[in-house]
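Right, one structure below, let's go through it.
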Amino acid sequence: MNPEEQYIEVNKESWNNRVDTHFDSEFYDVEGFLKGNTSLNSIELDLLGNLSGKKVLHLQCHFGQDSISLSRMGAEVTGIDLSDKAIEKAKELALQAGTDTKFVCSDVYNLPNVLNEKFDIVFTSYGTIGWLPDLDKWAAVINHFLKPGGQFIFAEFHPVVWMFDDDFKGIGYNYFKSDAIVETNTGTYAEKEADMVLHTVSWNHGLSEVFTSLINQKMQITAFNEFDYSPYNCFRHTEEFEPKKFRIKHLGNNIPMVYSLLAQKAE
């Protein structure tokens, strides 16, 4: 098998290798989180609204901070991730935080085979769809888990960002989905100097691909926003121009860095 065919195994190992470093990093600030800080940003909070009594499925949850933050807002939350090590940490973190957040280890596509529930909201955010080769299958999974009238809430890095090389000096990748991007890198976005080598398989997805996949599931897109900053300092050559708002220094506000959308399943 080539790396593209083995992408789930390759990426699972990559994310397992990141967990301890991420958990201890300043980027994720677990200490502050356990003192009550939310890990959610205004971008997604503006779409999530009042979650009291809502059932929420959080796809690709890493070690569960956003899932637990959603629980703190009054939701009944299930977080899923393909990394078994991340899910172990998520369960530990929920115990420490005193929430009843549930966690399931599964890749997105296989989830209908291991979880039999329906939800008011499906949520996923920041650096998720790039690990998935087929957005039609992704949208079908989202639709499968939503109750009639349920909402999909999504925040993601803008596909324009993924066109650039790592130094944001020029175009290095196709805006549109093409062949798998098979890479080996050192360090990780949360700890750029970390002593680790990570092998990954990913894909770029343009906005039309995202929209069409949801529309093909008969979902109605009711909100869409683009933002000229990232709420995370996860790229090179950034500047923090306002608290928790980062741009690439030499590009300023000339490119979109994040987008958000809300899509609703038919009643």
Side-chain angles (χ1 to χ4, degrees), residues 1 4-16 44 47-48 51 53-68 70-71 75-91 94 99-156 177 180 200-203 205 209-222 261-267:
M1 276 191 195
E4 183 173 351
E5 292 169 326
Q6 294 177 302
Y7 78 96
I8 290 176
E9 288 76 17
V10 171
N11 290 336
K12 181 174 182 175
E13 181 179 5
S14 169
W15 283 99
N16 275 344
E44 55 268 27
L47 295 180
L48 285 162
L51 295 182
K54 298 282 183 70
K55 284 189 67 174
V56 178
L57 175 63
H58 180 199
L59 302 178
Q60 295 168 273
C61 69
H62 198 23
F63 60 81
Q65 282 183 307
D66 283 3
S67 306
I68 294 165
L70 294 166
S71 290
E76 180 186 332
V77 183
T78 301
I80 76 110
D81 199 89
L82 89 166
S83 164
D84 53 315
K85 192 167 179 180
I87 290 297
E88 287 173 18
K89 279 288 191 188
K91 290 176 179 178
T99 66
D100 59 358
T101 320
K102 294 184 290 186
F103 292 99
V104 176
C105 186
S106 173
D107 72 88
V108 171
Y109 297 146
N110 193 49
L111 190 59
N113 297 321
V114 297
L115 183 65
N116 185 26
E117 293 183 56
K118 299 292 183 183
F119 296 85
D120 300 295
I121 293 171
V122 175
F123 172 70
T124 190
S125 67
Y126 305 108
T128 56
I129 59 172
W131 306 106
L132 305 174
D134 187 337
L135 291 195
D136 287 331
K137 285 174 66 175
W138 168 78
V141 170
I142 291 163
N143 191 55
H144 170 83
F145 282 106
L146 281 175
K147 297 176 181 177
Q151 294 181 326
F152 172 55
I153 293 172
F154 183 39
E156 181 59 284
K177 180 186 167 186
T200 59
V201 184
S202 62
W203 292 262
H205 300 289
E209 188 184 354
V210 174
F211 275 62
T212 301
S213 69
L214 296 168
I215 291 167
N216 285 344
Q217 292 296 319
K218 305 296 188 280
M219 297 182 70
Q220 182 180 7
I221 296 164
T222 59
L261 67 80
L262 189 155
Q264 187 155 350
K265 181 171 178 170
E267 293 282 356

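Note that the structure is predicted; figures quoted are calculated from it, not measured.
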Going by the side chain to side chain contact (heavy atoms under 4.5 Å, CB included) test, name the single residue among I215, I221, I129 that passes it with V210.
-> I129
Any idea which heavy atoms bring A139 and S213 closest together, and the distance?
-> CB-O, 3.2 Å
Roughly how far, to the nearest 0.5 Å, is the CD atom of E44 from the CG atom of L262?
-> 12.5 Å
To the nearest 0.5 Å, how far apart are NE2 in H58 and CG in D66?
-> 5.0 Å
State, yes or no, whether a side-chain contact exists between S202 and Y7 at a heavy-atom distance under 4.5 Å.
-> no
Smallest heavy-atom separation, S67 atom then G79 atom, equals OG-CA, 3.9 Å
Of V104, D81, I80, which is the lone residue that meets side chain to side chain contact (heavy atoms under 4.5 Å, CB included) with I87?
-> D81
CG of N16 to CG of N11: how many Å apart, nearest 0.5 Å?
-> 11.0 Å
Rounding to 0.5 Å, atoms CD1 (I8) and CG (D107) come to a distance of 4.0 Å
When rounded to the nearest 0.5 Å, the distance separating CG of N143 from NZ of K218 is 10.0 Å
Please tell me if the side chains of K89 and H62 come closer than 4.5 Å, counting only heavy atoms from C-beta onward.
-> no
Without swapping roles, check the side chain of Q151 against the backbone of A263 for a donor-acceptor pair under 3.5 Å.
-> no
Distance-only polar pair, side chains of N113 and N110, donor-acceptor under 3.5 Å | yes
Criterion side chain to side chain contact (heavy atoms under 4.5 Å, CB included) on L48 and V56, from CA distance to verdict = CA-CA 10 Å; L48 285 162; V56 178; 5.8 Å; no
Answer yes or no: is there an ion pair linking D120 with K55, defined by an N-O contact shorter than 4.0 Å?
-> no
Does K177 reach the side chain of L135, with side-chain heavy atoms less than 4.5 Å apart?
-> no
Should H144 and K118 count as side-chain neighbours, where that means a heavy-atom distance under 4.5 Å?
-> yes
Crowded around E209 CD? As in, over 12 foreign heavy atoms under 6.0 Å?
-> yes
Within 6.0 angstrom of E117 CD, more than 12 heavy atoms from elsewhere = yes
Is the NZ or CZ atom of K91 positioned over F103's six-membered ring, under 6.0 angstrom from the centre and within 45° of the axis?
-> no
Can you name the salt bridge (charged side-chain N to carboxylate O under 4.0 Å, His left out) partners of K54, sequence neighbours left out?
-> none
Just checking, any donor-acceptor pair under 3.5 angstrom between side chains of T101 and T99?
-> yes
Of the options W203, W131, Y109, F152, which is the one that meets W138 in a ring-ring contact (aromatic ring centres under 6.0 Å, His included)?
-> F152
Sequence neighbours left out, what passes ring pair (Phe, Tyr, Trp, His ring centres under 6.0 Å) with F119? Give chain and number order.
-> none
Kindly indicate whether the side chain of L214, heavy atoms from C-beta on, has any atom under 4.5 Å from the side chain of F154.
-> no
To the nearest 0.5 Å, tell me how far K85 NZ sits from K12 NZ.
-> 12.5 Å
Any idea which heavy atoms bring D136 and Q217 closest together, and the distance?
-> O-NE2, 4.2 Å
Do L146 and Q264 have side-chain heavy atoms sitting under 4.5 Å apart?
-> no
Would you call L57 and L111 a side-chain contact if the rule is heavy atoms closer than 4.5 Å?
-> yes
